[in-house]
Every structure is written in structure tokens, then in C-alpha cells.
Amino acid sequence: MRDGTVATAADLLDWYDRNARVMPWRVGPHDRRDGVRPDPYRVWLSEVMLQQTTVAAVRDYFHRFIARWPTVLDLAAAEDADVMGEWAGLGYYARARNLLKCARVVADQHGGTFPDAREGLLQLPGIGPYTASAIASIAFDRPETVVDGNVERVMARLHDVHTPLPRAKPELTALAAALTPQARPGDYAQAVMDLGATICTPRSPACGICPWRDPCLARTNGTAADLPRKEPKKPKPTRHGIAYIARRNDGAFLLERRPDKGLLGGMLGWPGSDWTDTPDPAPPMQADWRALPAQALHTFTHFHLRLTVMVADVGHANPQTGQFLPPATFRPSDLPTVMRKAFDLARAEFDTPPD
DNA sequence: GACACGTGGTG
DNA sequence: TCACCAAGTGT
């Protein structure tokens, strides 16, 4: 018998059994009951992709990675450029660099098998407190507590915590840990995150159909929509830059590999200036550069960028930086989004013959 | 603890 | 429109 005024894992699991979302990396509660366990490689890959990223954005990337690299050993043997290109557009590119590092550590030091507990997982590149707990619970059914943005929100509301994040994190973690069950921890971890993603949403939470509506203090107090509180964010400055897109007469484009550290690290991009208040021009070669009438506008995590795009048709020449990639080698989809925006503007220009 | 680090969807 | 938001990690 249950007391409706106390939130229990059992009530949430009952809801999850009826409402679990179908996702390509997930083993649903019914198959799990039949002893089916998810592939740790797929759990790891999906969890890394899902860091700060929506399910909708991840789905196609996940399928492409699994089709191209079905096992962690396949991924460990991949070329860096291929993995970075396949990740292009998903953002937070350090994840892709660490993904490869992690796959190679698992292949070289763990015999191709992921550690099956939180502490071992935490040692791996790109696996932090959240992801270690997620893999340990979902893939290995260990009773670890997952605390992501969903769980923070659910706990803040359930217990009506008004302390702003990130200061409230330890308290919310403790509250989440107190609810984590010994039975079905993998399903529970997914259930509490599903609840946050579908019912206990950031705006307009659907409290009326929530399995924890009765014990929820924020619902009682009418504060659900205002929680969790967060410290105010800094305003984003606007920076400016210049990108140079050179097309050779054989159709090859001049591109460069960005350094591993820093913004868009390890990704392909157009040569260009720094992105600053007032950038210095830095053309990669002498040519008849012409500026496009429109700029590429893009917003990163901490600044807005207005990118002036210069284009030129060039003959065979040695550029000061980067290398010409012929059409058979260059996929525009290998570019991070800001570089693809610049390319889209340039394509319209190249397709319009001069007067 | 603070900051760097992408992108697309949303109200 | 634009600020906010998303299954965070590394330094």
C-alpha cells in the first residue's frame, strides 16, 4: 500500500512501464524484464551525444555512428577526421575528441569492454559524474544516482527548493540519491529523466498528469513553474571575423584543420582572421578577394559572431595555410555549422557568374 | 567556483 | 525577436 503524500520510486516506475519513450539506444522496460540488457557501447555513445543536446538532435547522428562504427573497436580504429566530420553540426566538439580517446582507451587498456561500475567509468575521457552514473545504472543496473538538468528540476520542484543553481546542486543530488531504488535502477534512471523531459518540463509543466503530483511540494505551493531558480547569466558580446573561401579551378576548396584546443577544436574550417572586436584581415593567399554582401550570423555559447565572407576563384597555387580539398574529398556536412553557413553564402556567389 | 565550449528548438 | 533551454565535462 502506498501513501500518496510521499514520492516513491515505485510510483515513478509504474508510470515508466506505461509511458517509456522508444529510443534507438534504449531497451524498454518490458524487454528488460525478459533479461535483455542494452549494449554498453550504445549507452555510452548515446549518453555522450545527449550531453547538453536534445533527443531530436541526437537521433540521426546516433544511427549514422552505429552504422559506420558498430562496435567500440571499430570506433577506436577510425580516422580522427572521419569521426570529427561525422560529429559536425552536433556541437561541443571536445565530446568527439574525447569520444575517440575513450574508445581507444577501452580498446587498448580494457580489452574492448567498458568498465561495469561508476568509479572505473569516471576514469575515462569525456565521462563525468553524470555519464558515469548513467552508464553504470542503465547498462549495468547498478544503483547509481543520475543527476542531470532534468533530475535537478524534478527534485527542486518535488521538494520546493528555492536555492538557485549551481549552489543547490549538492542538496538536489542528496534528494535524488534518497529516492534511487535498489531494484530496477536502470529503468528508474531513465524514468526520472523521461519525467523531466515530458511532464516536469522547464516551462508549463503538466502537473495534472504527473505520477508525483500528490507529493510535489512545488505543485502544492504553486511554485513549480518558477523552479529551479538559477543565477543570472552574463550577456553575450558580439565579435567579428573574416572567413576566406578560395575555390580552385578544379573545384577544390581551401580548408584548414583547426587546432585541438579551443573553439571548434579539431574541426575543418575556412582560413580567416581571429574573432575579436576588430579583426585583422588574414587572407591565406594572394587573390582577387571579393566580399559577399551578406554576413554569416551565428551564436555560440558565450558570444555572437558576425562573419564577413570573402571569396575568390584561384589558379593552382601554394597557400600559406590549409590545403585544397577536391570535391571527392570534401563534404560540406563535415563542417561545423558556422562554417557551413559561410559556405552556403559563398555557394550562392559562386553559382552567380560575374557580370 | 568560474569559465569555455555548439547548436537547434521554443514561447 | 531573442533569451532561454537541453540526458555536462574539462580546466
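Only a predicted model underlies this, so the values are computations on that prediction, with no experimental measurement involved.
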With sugar-phosphate taken as primed atoms, P, OP1 and OP2 and all else as base, the protein-contact string of nucleotides 5-11 of chain B at under 4.0 Å (heavy atoms; B, S, -) is BBBS---

Spacing of A:Met49 atom CE relative to C:dT9 atom P, expressed in whole Å: 16 Å

C:dA6 C1' sits how many Å from A:Met23 CE, rounded? 13 Å

Contact check, residues 122-158 of chain A vs DNA chain C, heavy-atom distance under 4.0 Å, returns A:Pro125, A:Gly126, A:Ile127, A:Gly128, A:Pro129, A:Tyr130, A:Thr131, A:Asp148, A:Gly149, A:Asn150, A:Arg153

Between the side chains of A:Asp116 and A:Arg142, is the shortest nitrogen-to-carboxylate-oxygen separation below 4.0 Å, so that they form an ion pair? yes

Show every donor-acceptor pair shorter than 3.5 Å between a side-chain atom in residues 86-94 of chain A and any protein atom, with sequence neighbours excluded, or say none if there are none.
unit_1	atom_1	unit_2	atom_2	d
A:Glu86	OE1	A:Arg68	NH1	2.5
A:Trp87	NE1	A:Gly91	O	2.9
A:Tyr93	OH	A:Gly89	N	3.0

Taking the side chain as C-beta and beyond, is there a heavy-atom pair between A:Val105 and A:Gln123 under 4.5 Å? no

What's the CG-P distance between A:Leu165 and B:dG1, to the nearest Å? 12 Å

Identify whether any heavy atom of A:Arg21 sits under 4.0 Å from a base atom; if not, whether one sits that close to sugar-phosphate; answer base, sugar-phosphate or nothing. base

Nearest-Å distance once atom C1' is located in both B:dG6 and C:dC4: 15 Å

A:Val27 side chain reached by A:Arg32 side chain, heavy atoms, under 4.5 Å: yes

If you measure from the P atom in B:dT10 to the same atom in C:dA7, how many Å do you get, rounded? 14 Å

